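As the structure is a computational prediction, the values presented were derived from the model and not from experiment.
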Amino acid sequence: MNKITAITLRHWKPVILWNLLVLGVTSYIAIVTPRMWNASAQLTIPATNGNLDASLGILGSFRKDNSSISASSDSQLQLQKSILTSDTLMEKVLSVDPQKDKFTNVSGYKSLYEISVDENSRIITIHTKGSSPELAKIRTNNLITLFQQRLKELRQQNRLSKRQFSAVELEEARNNLMAAQQTLAQFKQSTALIDAEEQTKAIVTTIDGLTKARLEALSLAEYNQNRVNTLSNLLSMSSNQAIRSLSLGENRDYQFIRGKLAEIKAELSGLQAKYTNNHPQVRQLLQQEQVLLNRMQNQVQRTSGGMAIDTTVSGEGQGRAGLIEQLVLAETEASGQQRRAILIQNQIEKLTANLNSIPNQQKRLTELQRNVDVAEGVYKGLVAQVQQTNIDVFDVYPNVETLDSPRVNNNPISPKKSLMILNALLAGITGSIALILLLERRNPLLSPQDLQDMKFPMVVSIPQLKDTELTSDLDDKQVKFERLASALSLQPLNNRHLLITSAMESEGKTTVTLGLGKALVELGFRVLLVDGDFIRAELTQNLGFTQELNITNEVVSIEPNLDLLPATPRSSKIVQMVSQGRFQQALADAESHTEYDYVLVDTAPVSATTATALMTAQIPNVLFVVKPGMSFSSSVRDSLQQLMEHQAHILGLVVNGVETSAKPYKLKLHSSGKDTADSVLS
C-alpha cells in the first residue's frame, strides 16, 4: 500500500494534468454538444387471420385455415423492425428530413432512431432524436408515414408477383365461363326455354285455348257463309255482282251522269213538245244526252267487269243496296273467320311441335347449365386463390396502426450531465492508473534489486525522516546518523570535502546533510555545512535563515563546531557561477578563517541542473542519497552516469526511508541562539 501511495505521489503532476485535461474535455463536450430531445411513438400490429371460406358453386367450397406465407408473431415483429431500420426506408425518410444536408450517409442518420418490439403485446416502440422537440416529432411522423407507404408498396409487389402465376389460368377460366354463359344464353334465346315444366303447362293451356278459338272461328265462318247464300238468293246475284252493283250505285261520277241525264231528258221532253228534232236546241240536247249515255255506259262497263249487274242500285243504303251491304259484310266475316281458323291451326301446330321438342331442349339446357356451373366454379376457385393471396399479403405486411402518437419529453435527453460526470470520473481514474503504470514502466521506482545491483564502497541505510524534524528543537530530537558518520570517518579521504546530492528532489539529501553534520560533530569533528542548492536553498531556509544572503557572506554558526555557509535562491546564472570558480572561491574564503575537519555541500538534484555535476571538479567525493518509493530507477542510473562522466568519486550510497524497529535515544545538542534541527538515525 505504501508503495502504491509512493508511486501515485511521485507522478502527481501528470495525474493532475490528465484529470484537468479530462475535466476540460468534458466541460467542452458539455458546452459544444447540442441538446437533443427524444420523441416516442407506439405502433401496433393487429392480429391477422389467414382463413378463407369461399363457395365454388357446383364444385363445393374453397376453405383455407392457415396462411401458407403468414409469419409467426415473433418473426412478424422482427420483420416489421427490419423494414423500419432498412436503408431503403431510411433513405426516403432522410430525403424529407429538414436537416438532410447535415448527413452524408444513411448510416449516421439511422443512429437517430431506436426501434424496439414487445412480442407479448405486439407493440413497436419508436424513439427519435432531434435538436428540437418539433424536429423530433417531425422525424417520427415522417418515419411512420413512410413506413406505412412502404408496407403498401411491399403488399402490391407481393400481390403482383403472385398474381402473375395465376393470371393466365384466371383469364382462361374467365373466357371459358363467358363462352359457356354465352352459349347458354343463345340457346335460351333460340328455344325460349326457361322452365320446361311451367312452359309445358303454358303451351298445353295455350293449345287448348287456341283449339276452342279455332272451333269458334269455324262456327262463325259457317254462319256467315249461310247468310251470304241466303242474301245471294234474295238478290239473285252473286256476291261479286252485288258488290259491283253497289260499287256502281256508290260511284259519284255515275250518279252525277244519271242526274244530269235526267235533267236533259226533262228539258228535251219540253222542247220536243214545241219543236222538232231538227231544232237547234233539241239537236244540242240530243247530242248532250248521247254523250252522257256513252259516259254512263263506260262507267257501267268499268264497274261490272263484264258481269251483269243491277244499274238501279243507289248508294243510299236502302232497298237492294242494304241487302248488298249485308251480303258483303257476311261474306267478309265468313272469310275473316276462315282465315282466323287457319291461323289458329298454324299456331296450334307450332305449339304442338314446340311441345314435342321440349324434352330434348330441356336435356340440352341442363347440359349447358352444368357447363356454366362448372366454368363458374373453376373461375371462383381461382378468384378465391387470388383473394387468399391478398389475405396472406396482409398477414405478412399488415396495416400497422398508430397506438400512441409521437410525444416529446420536455427535458432534453442529452447531454446527460450525470453520465458525463460518471464518464469523466471513470476516464480520470482509468487514465490516471494507465498513466501511472505507463510512467512507472518507463521510469520505475527504485527497487531493492536495483540497490543490490549497485556496487559502492559504502551503503548506509537511515530511517525515513519528516521535514518537521529539521525545524524542531535539536535538544528534543534523537540523532541517528552516528552509523553514517562513523562509516564516513573510516574512509581514507585525501580531501574531506564531501558533496551530498540525489537524482531528484524530495529524496532527503538536505536532511542527510544536516544529520550527518550533527553526527560528525558528536564524533568530535568540526564541520562546515555549505548550501550548494542555489535553486531552492532548502538547507538555509530549513535552518531559519530566510533573510537575503549572498554566497560571499560570512559563515554562520549553528552550534559549537557546526557552521553554515548559506545561499540565496536564484533562477539564473547558476552554471556560470560554478564554472567560473565563484563557488570555489566562496568556499575557499569560508575555510580561510576556520579549519574544518569536514565540509559537507548540500547540492541541487543532479537531474535539476548541470551545476551539481560541475561541482565534482572541485569536490569529487560524492555521497549519493536515494529514497525507496520516491526515487526513479532510471533517474538514479542517469544521475550516477552523469556524475561518473565528470570523474566524480561515488563515496557511498545513503538509502533514506528504511523502516526501523530500534528504540531511539535522545542526544541533546546546544546551539548559539539559532533555530535547531533534529534527525532520527538508525
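- When side chains are defined from C-beta on, E591 does not count as touching T594, because their heavy atoms never get closer than 4.5 Å.
- N561 is not listed as a side-chain neighbour of L520, based on a closest heavy-atom distance of 4.5 Å or more.
- A distance of 10.5 Å separates OG of S132 from NZ of K137, quoted to the nearest 0.5 Å.
- If you check the side chains of Q647 and T616, you find no donor sitting under 3.5 Å from an acceptor.
- Atom OH of Y109 and atom CG of D87 lie 13.0 Å apart (nearest 0.5 Å).
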(message) Pair V622, I500 - check side-chain contact (heavy atoms from CB on, under 4.5 Å), show working.
(response) CA-CA 6 Å; V622 177; I500 302 173; over 6 Å; no
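- Residues I138 and P98 are in side-chain contact: their nearest non-hydrogen atoms beyond the backbone lie under 4.5 Å apart.
- In this structure, the side chains of R150 and T88 come closer than 4.5 Å at one or more pairs of heavy atoms.
- For the pair L587 and V599, the minimum side-chain heavy-atom distance is below 4.5 Å.
- I558 and L529 make their closest contact through CD1-CD1, 4.1 Å (heavy atoms, listed as atom of the first residue, atom of the second, distance).
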(message) Go through it in stages, so that I can follow the logic: the residues are E505 and R536, the test is side-chain contact (heavy atoms from CB on, under 4.5 Å), and I'd like the CA-CA distance, side-chain angles, deciding distance and then a yes or no.
(response) CA-CA 10 Å; E505 62 182 19; R536 299 180 63 178; 3.0 Å; yes
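- The closest donor-acceptor contact from the side chain of T501 to the backbone of F624 lies at 3.5 Å or more, if one exists at all.
- No donor-acceptor pair under 3.5 Å is formed between the side chain of T145 and the backbone N or O of N142.
- In this structure, R35 has no salt bridge (charged side-chain N to carboxylate O under 4.0 Å, His left out) partners at least two apart in sequence or on a different chain.
- Panel note: side chain D602, backbone T513; no donor-acceptor pair is recorded below 3.5 Å.
- If you check the side chains of D531 and T540, you find a donor sitting under 3.5 Å from an acceptor.
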(request) Check the pair V555 / H593 against side-chain contact (heavy atoms from CB on, under 4.5 Å), numbers first and verdict last. (result) CA-CA 9 Å; V555 173; H593 297 88; over 6 Å; no
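- For the atom pair CG of L564 and CG of L528, the computed distance is 7.5 Å after rounding to the nearest 0.5 Å.
- N409 places no side-chain N or O within 3.5 Å of a backbone atom of N411 that could act as its donor or acceptor partner.
- The backbone N or O of R483 lies less than 3.5 Å from no partner atom in the side chain of S486, so there is not a single donor-acceptor pair.
- Using a 4.0 Å cut-off between charged nitrogen and carboxylate oxygen, E538 and K509 do not count as a salt-bridge pair.
- Within 6.0 Å of the CD atom in E645, the count of heavy atoms belonging to other residues, nucleotides or ligands exceeds 12.
- The two residues N141 and P406 make their nearest non-hydrogen contact at OD1-CG, 3.0 Å.
- Nearest heavy atom pair, residue A604 against residue I535, reads CB-CD1, 4.2 Å.
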(request) Give the intermediate values and the outcome of side-chain hydrogen bond (donor to acceptor under 3.5 Å, both in side chains) for residues D533 and T603. (result) CA-CA 4 Å; D533 186 356; T603 68; over 6 Å; no
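- Nearest heavy atoms, V22 versus A427: CG1-CB, 4.1 Å.
- Taking all atoms of both residues into account, the shortest heavy-atom contact from A613 to L643 is CA-CD2, 4.2 Å.
- Under the salt bridge (Lys or Arg N to Asp or Glu O under 4.0 Å) criterion, the residue pairs touching residues 89-99 are K92-E153, D97-R139, with sequence neighbours excluded.
- No side-chain heavy atom of Y598 sits under 4.5 Å from any side-chain heavy atom of L498.
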Which side-chain N or O atoms in residues 123-130 pair as donor and acceptor under 3.5 Å with protein atoms at least two apart or in another chain?
| residue | atom | partner | partner atom | Å |
| --- | --- | --- | --- | --- |
| H127 | ND1 | N38 | ND2 | 3.3 |
| T128 | OG1 | T140 | OG1 | 3.0 |

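- In this structure, N621 and L499 have side chains that are not in contact, with every pair of non-hydrogen atoms separated by 4.5 Å or more.
- In terms of heavy-atom proximity, V575 sits nearest to A611 at CG2-N, 4.1 Å.
- Between V527 and Y596, every side-chain heavy-atom pair lies at or beyond the 4.5 Å cut-off.
- With sequence neighbours excluded, the residues satisfying side-chain contact (heavy atoms from CB on, under 4.5 Å) with Q580 are Q576, R582.
- Atoms NZ and OG, from K102 and S131 in turn, are 5.5 Å apart once rounded to the nearest 0.5 Å.
- Atom NZ of K110 and atom CG of L112 lie 12.0 Å apart (nearest 0.5 Å).
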(message) Show, in sequence, the C-alpha distance, side-chain angles and deciding distance for F583 and I619, and conclude whether the side-chain contact (heavy atoms from CB on, under 4.5 Å) test is met.
(response) CA-CA 11 Å; F583 170 71; I619 308 174; 4.3 Å; yes
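- Applying the side-chain contact (heavy atoms from CB on, under 4.5 Å) test to L425 and every residue at least two apart in sequence or in another chain returns I421.
- Taking CZ of R637 as the reference point, atom CD of Q641 lies at 11.5 Å (rounded to 0.5 Å).
- Residues that satisfy the side-chain hydrogen bond (donor to acceptor under 3.5 Å, both in side chains) test with D638, not counting sequence neighbours, are absent from this structure.
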